[in-house]
Amino acid sequence: MKPDTKYKTLFHIIVITLFIGATLPVKGQERSHKSSEKESVATKLSVKNMQADMAILWSAIKEMHPGYNYYTSADSLRKVYDQTYSSISKPLYESEFISQLYPFICKLRCGHTQIKHSVGHKDPQGLYPAHIPFKVLVTNGKVFITTHQTEVLRTGDEIISINDVVVKEIIKHGFDLYSTDGYNQTFKELFLSEYDGFADACNKYYHWKGAYKMQIRTRQGELKDLTVDTDEIILNEPQASTLDNYTNWTTAKNTGNLKLRFFNDSQTALFETKPFSYQDTITYKEAFKLIESKKIKNLILDMRHNTGGDIRVAIQLLSYLADSPFSIIKDVKSRLQNPDLNKSANYFDKDRTNDFLQGYKITNKEGLWYHVETTPAMGTVYGPLPLAKEYHFDGNLYVLIDGATFSSGALFTAALKSQRKNVKFIGRETAGSEEGCNGMVMQELTLPNTKIRIDFPWMRVESVAQNSIRGRGIMPDYKVEYAPSDIITKKDCDLEKAMELISN
């Protein structure tokens, strides 16, 4: 997959859905979309412009970023900034500059802070010519072949090294291509596996063009040295037979894209969430009405790949599941009393700033932070919040989570964990930290010289979690690992584990 296409998709499902109830409608988004249709001719950025923009970004981070000095000390972050600034010693294409900038951004340890190309960006032809004729599963520091376009590899082969570089080094550089909350690695592994991040590391850091000299360990444990020649790839990947995970399930009607399924001849239901959006509130009522009518005792709630969205919608879902009047967040806070008057104000999106002024107000200072309240235009986000008046579910709850359960998806999960009995979590550590995240007000900082854009949160959001581990996501009660063959056959091991627990 080409880098531009992949990142466009990734940012759509991971970044644009990060607004955790943050915004009223943003006019600037429509304007940017229309502008992005224009094409531009790729030219290299000057050292002067790149360094000037780095200085502007650093100034904004020091002044107001809620992640500054939070997981990484100010001194350590300054050291990485100085190293990155000094390393910019020659003109670079925009993609190259972003790749060089990302390790510094990753040190903020904020999944809501990401780098986007300038509007209308277009890479020069041949900048990243390599094609890696295989896809991978990255898990627990190891890399396994899943699909492949060459006969010398097999599904399940473990990659030990490529071109004499051990795979742990490739993973390390791949982890620096995308930010995540705290010390979490599950999303970064998912990014390398599902969004071609492993191929990006080979391209953007090592600039490999193939053929690839590889050492692998076969499924039988044999070490083999081989060469993967990109001139001899199979255009049509071999297709394995895929499993139907819902053979014995019946899909309900009238729940739109939020699939509600009932297991045949049982009292078990499966409800699949998506990133929270306004229309979901109507679907929730219909879904829980059906769940009650069928006297469901066991509900499996699928929060996997729920990357966030409108926190007010998350509140609606929680109202059907919490044990009593509940909260979803403990506090929202800002480093500045007037975030709209920051020194970099001219570089932030003015429409989003206006939306912030309509939806939020800064009140008293507590320590180093200012408390943030919402206005009637935004609505109530602090608890205690009321339970749903009807169709509340009181049975056994099983929640599927993974490395893309993020932002308000993770805040919802943390709130559910602390305010619901009879709940079990299945899968993998969430991408969103259990203790909270940066976000709520998601701004866009456009660096004036290179026009590169930075997703830049203005607020810190504290969850209602109890006994969270600093910098880590919500941990599953039952951890589920996937094998390469599971990826190929699309086996739903999380659902299988939930059904096993229910049957026992």
Side-chain angles (χ1 to χ4, degrees), residues 20 66-67 69-73 108-112 140 180-189 273 299-301 303-304 306-308 311 314-315 317-333 366-369 371-372 381-385 387 393-394 396-440 457 459-481 494 497-498 501:
I20 53 175
N69 203 35
Y70 197 87
Y71 291 121
T72 303
S73 71
L108 270 174
R109 302 188 182 279
C110 170
H112 285 83
N140 298 319
T180 192
D181 282 355
Y183 311 110
N184 173 275
Q185 292 188 355
T186 53
F187 175 72
K188 292 199 174 190
E189 289 187 339
T273 71
L299 175 61
I300 304 169
L301 183 69
M303 290 293 296
R304 295 173 298 179
N306 187 320
T307 53
I311 198 168
I315 287 170
L317 179 57
L318 195 55
S319 72
Y320 289 97
L321 298 168
D323 287 334
S324 58
F326 61 93
S327 299
I328 194 167
I329 55 176
K330 179 181 178 181
D331 195 14
V332 180
K333 51 192 184 180
E366 299 176 5
L368 299 175
W369 298 86
H371 177 68
V372 181
V381 296
Y382 291 115
L385 299 162
L387 296 179
F393 179 72
D394 298 309
N396 301 312
L397 183 62
Y398 303 83
V399 183
L400 310 184
I401 55 176
D402 69 0
T405 307
F406 184 60
S407 192
S408 54
L411 289 170
F412 167 89
T413 307
L416 193 61
K417 179 180 177 181
S418 66
Q419 296 167 104
R420 164 85 193 202
K421 296 185 292 290
N422 298 326
V423 57
K424 299 294 182 184
F425 295 89
I426 301 164
R428 289 148 302 288
E429 179 185 357
T430 62
S433 293
E434 185 173 4
E435 64 194 319
C437 62
N438 305 316
M440 208 69 182
M459 304 296 164
R460 176 72 190 169
V461 186
E462 290 186 1
S463 78
V464 293
Q466 300 172 4
N467 303 316
S468 60
I469 303 172
R470 183 170 175 81
R472 301 302 299 268
I474 296 98
M475 300 293 183
D477 298 301
Y478 300 90
K479 186 176 181 180
V480 178
E481 301 280 7
D494 302 317
K497 182 63 178 179
L501 293 172

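As the structure is a prediction and not an experimental result, all values here were calculated from the model. Heavy atoms only: backbone and side chains are in, while hydrogens, waters and symmetry mates are out.
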Inspect the contact between [Y] and [X] and indicate whether a charged nitrogen and a carboxylate oxygen are less than 4.0 angstrom apart.
| X | Y | result |
| --- | --- | --- |
| Glu481 | Lys479 | yes |
| Arg428 | Glu189 | no |
| Lys424 | Asp477 | no |
| Asp331 | Arg460 | no |

Below 4.5 Å, heavy atoms only, C-beta onward: do [X] and [Y] meet side chain to side chain?
| X | Y | answer |
| --- | --- | --- |
| Leu400 | Ile300 | yes |
| Pro66 | Lys333 | no |
| Leu385 | Ser319 | no |
| Asp402 | Asp494 | no |
| Leu501 | Ile426 | yes |
| Ser463 | Ser468 | no |
| Leu299 | Tyr320 | no |

Strictly distance-based, threshold 3.5 Å: is any side-chain N or O of [X] a donor or acceptor partner for the main-chain N or O of [Y]?
| X | Y | value |
| --- | --- | --- |
| Glu434 | Ala414 | no |
| Asp181 | Gly111 | yes |
| Asn438 | His112 | no |
| Thr405 | Thr430 | no |
| Glu435 | Ala465 | no |
| Arg109 | Thr72 | no |

Looking at every heavy atom in both [X] and [Y], which two are closest together, and how far apart are they?
| X | Y | result |
| --- | --- | --- |
| Ala314 | Ser408 | CB-O, 4.5 Å |
| Gly308 | Ser407 | CA-CB, 4.0 Å |
| Ser433 | Tyr71 | OG-OH, 3.6 Å |
| Phe326 | Leu387 | CD2-CD2, 4.0 Å |
| Ala404 | Thr307 | O-CG2, 3.5 Å |
| Ile315 | Ile328 | CG1-CG2, 3.7 Å |

Quiz item: cation-pi between Arg470 and Tyr183, 6.0 Å / 45°: no
Greater than 12 external heavy atoms within 6.0 Å of Asn467's CG: no
Leu321/Phe412 under side-chain contact (heavy atoms from CB on, under 4.5 Å): CA gap, chis, key distance, verdict: CA-CA 11 Å; Leu321 298 168; Phe412 167 89; 4.0 Å; yes
